Number of protein chains: 2
Amino acid sequence: MKTRSRKKEIIDVASQLFKEKGYNAVSMRDIAQEMGIKAASLYNHITGKQEILSTIILDVAQKFTNGMNKVMMEKSSSILKIQKIIELHIGITINYSEGMATLNNDWMHLNDTDRKEFIKMREEYEESFRQIIKQGIKDQEIQARHPEVILFSILSTLRTLYLWYQKRGKLDANILKKDMVEVFLNGIVKNN
Amino acid sequence: MKTRSRKKEIIDVASQLFKEKGYNAVSMRDIAQEMGIKAASLYNHITGKQEILSTIILDVAQKFTNGMNKVMMEKSSSILKIQKIIELHIGITINYSEGMATLNNDWMHLNDTDRKEFIKMREEYEESFRQIIKQGIKDQEIQARHPEVILFSILSTLRTLYLWYQKRGKLDANILKKDMVEVFLNGIVKNN
DNA sequence: GTCTATAGGATGATAGAC
DNA sequence: GTCTATCATCCTATAGAC
């Protein structure tokens, strides 16, 4: 296996610590100690703590943007698109759960420029999702309820999947996807 | 109107700031400044920053425990109990959204004793919810899917309601409850 | 690429005057 | 109950030796 670059190693170690304690509760000394070096040495590979945060969050945000763009270009039903989005979230959560945690909890600590960029990406993502739901209602695939409630219910679950996945981790991703799709599409009530 | 005690005022101001920036990004000086006094003066009313955090989180956690205990004692169907839980979350979110944010994001910064107490309360709360779902499946009110997926889907949405409520705030609580109950109970698909 | 040393500032908290 | 003054500690980041 090729050895990771030192910079990537910093990002990985920091992601793990940020997930556990949050950005502000983790010091450069903590990150360095976990790597077995001194804090000053970190600055040979990165410009500062802010760069670590930006890299973690914007990388994950970009994966969501790319995934959503792909879904939007498909010519499938709204229901199928929503299934693809659920799949997208499960995939990213499995592979980047630390980044997901940091994105959710510490985006407000990004510097001005990166925070604005992040918020823009998030808003566009949500707007795409909203359009899919509205189209589904229009096409009579989705029940005519307040689109915001549908959007929020699904998105809040998907966003915090990382909390759940680490606990019940070994559940197969395909089973998780299947059950979650069914809960959201068909609800939980029997005999309806 | 009766003037709030100085201590309660500190808790309220801190809640708001913790919600916006997180526990570790808010200094005693920030809290004091918001109140128009000096940081040193805070210590006449509280023992320290940790006490503020514990008070905020354990107060909200207690409300959830009390509410869940009430639901558990009812002799109603599982579906009706779940509706009551959704109602409980919406009520607490509306009245204590700052505390909900801090409970969600900063519980890991509680001191050892209070953190253990919080985790215990949370686990008992989740276990009660799990029992309701399992009973519902047994009674054939709820579809026989993995109870953990149902539990997590509903709970993750309810836990982050505060994020949504502040944005779309003016939506009436009763409409929100009605729509959310329908999304979870019957899903979003039309003609199923 | 890592180290030691240190600058420069913020932090939680205390002592004691008023 | 609030203030000023201050302590001891921690923080991010830099300079310069090796």
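Please read all numbers here as calculations on a predicted model, not as lab measurements. Here is the naming used below: chain letters follow the sequence lines, and residue numbers restart at 1 for every chain.
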Can you check nucleotides 13-15 of chain D for protein contacts, nitrogen or oxygen pairs under 3.5 Å, and list what you find?
unit_1 : atom_1 : unit_2 : atom_2 : d
D:dA13 : OP2    : A:Y43  : OH     : 3.0
D:dA13 : OP2    : A:K49  : N      : 2.8

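We find that CG of A:D30 is positioned 8 Å from P of D:dT12, with the value rounded to whole Å. Taking atom NZ of residue A:K38 and atom C1' of nucleotide D:dC11, one finds them 16 Å apart after rounding to whole Å. Rounded to a whole Å, the CG atom of B:L53 is 14 Å from the C1' atom of C:dG12. Rounded to whole Å, atom C1' of D:dC3 lies 11 Å from atom CD1 of B:I37.
Residues passing the side chain to side chain contact (heavy atoms under 4.5 Å, CB included) test with B:E148, sequence neighbours excluded: A:W164, A:R168, B:R130, B:H146, B:L151. The side chain to side chain contact (heavy atoms under 4.5 Å, CB included) check on B:I119 picks up B:W107, B:R115, B:R122, B:E123, with sequence neighbours excluded. Residues meeting the ring pair (Phe, Tyr, Trp, His ring centres under 6.0 Å) test with A:F18, sequence neighbours left out: A:Y23. Residues satisfying the side chain to side chain contact (heavy atoms under 4.5 Å, CB included) criterion with A:T113, sequence neighbours excluded, are A:N111. Partners of B:F64 according to the ring pair (Phe, Tyr, Trp, His ring centres under 6.0 Å) rule, which considers only residues two or more places apart in sequence or in another chain, are B:H89, B:Y125. Every side chain to side chain contact (heavy atoms under 4.5 Å, CB included) that B:L163 has, sequence neighbours left out, goes to B:T160, B:Q166.
Checking the phosphate oxygens (OP1, OP2) of D:dC3, a side-chain nitrogen or oxygen of B:S41 falls inside 4.0 Å.
Using a 4.0 Å heavy-atom distance criterion, B:S27 is classed as a sugar-phosphate-only contact.
In the model, B:D30 has a side-chain atom that pairs as donor or acceptor with a side-chain atom of B:S27 under 3.5 Å.
Residues from residues 14-22 of chain B with heavy atoms under 4.0 angstrom of DNA chain C: there are none.
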Name every donor-acceptor pair, under 3.5 Å, that has one atom in a side chain of residues 52-61 of chain A and the other anywhere in the protein, sequence neighbours excluded.
unit_1 : atom_1 : unit_2 : atom_2 : d
A:S54  : OG     : A:Q50  : O      : 3.3
A:S54  : OG     : A:D114 : OD2    : 2.6
A:T55  : OG1    : A:E51  : O      : 2.7

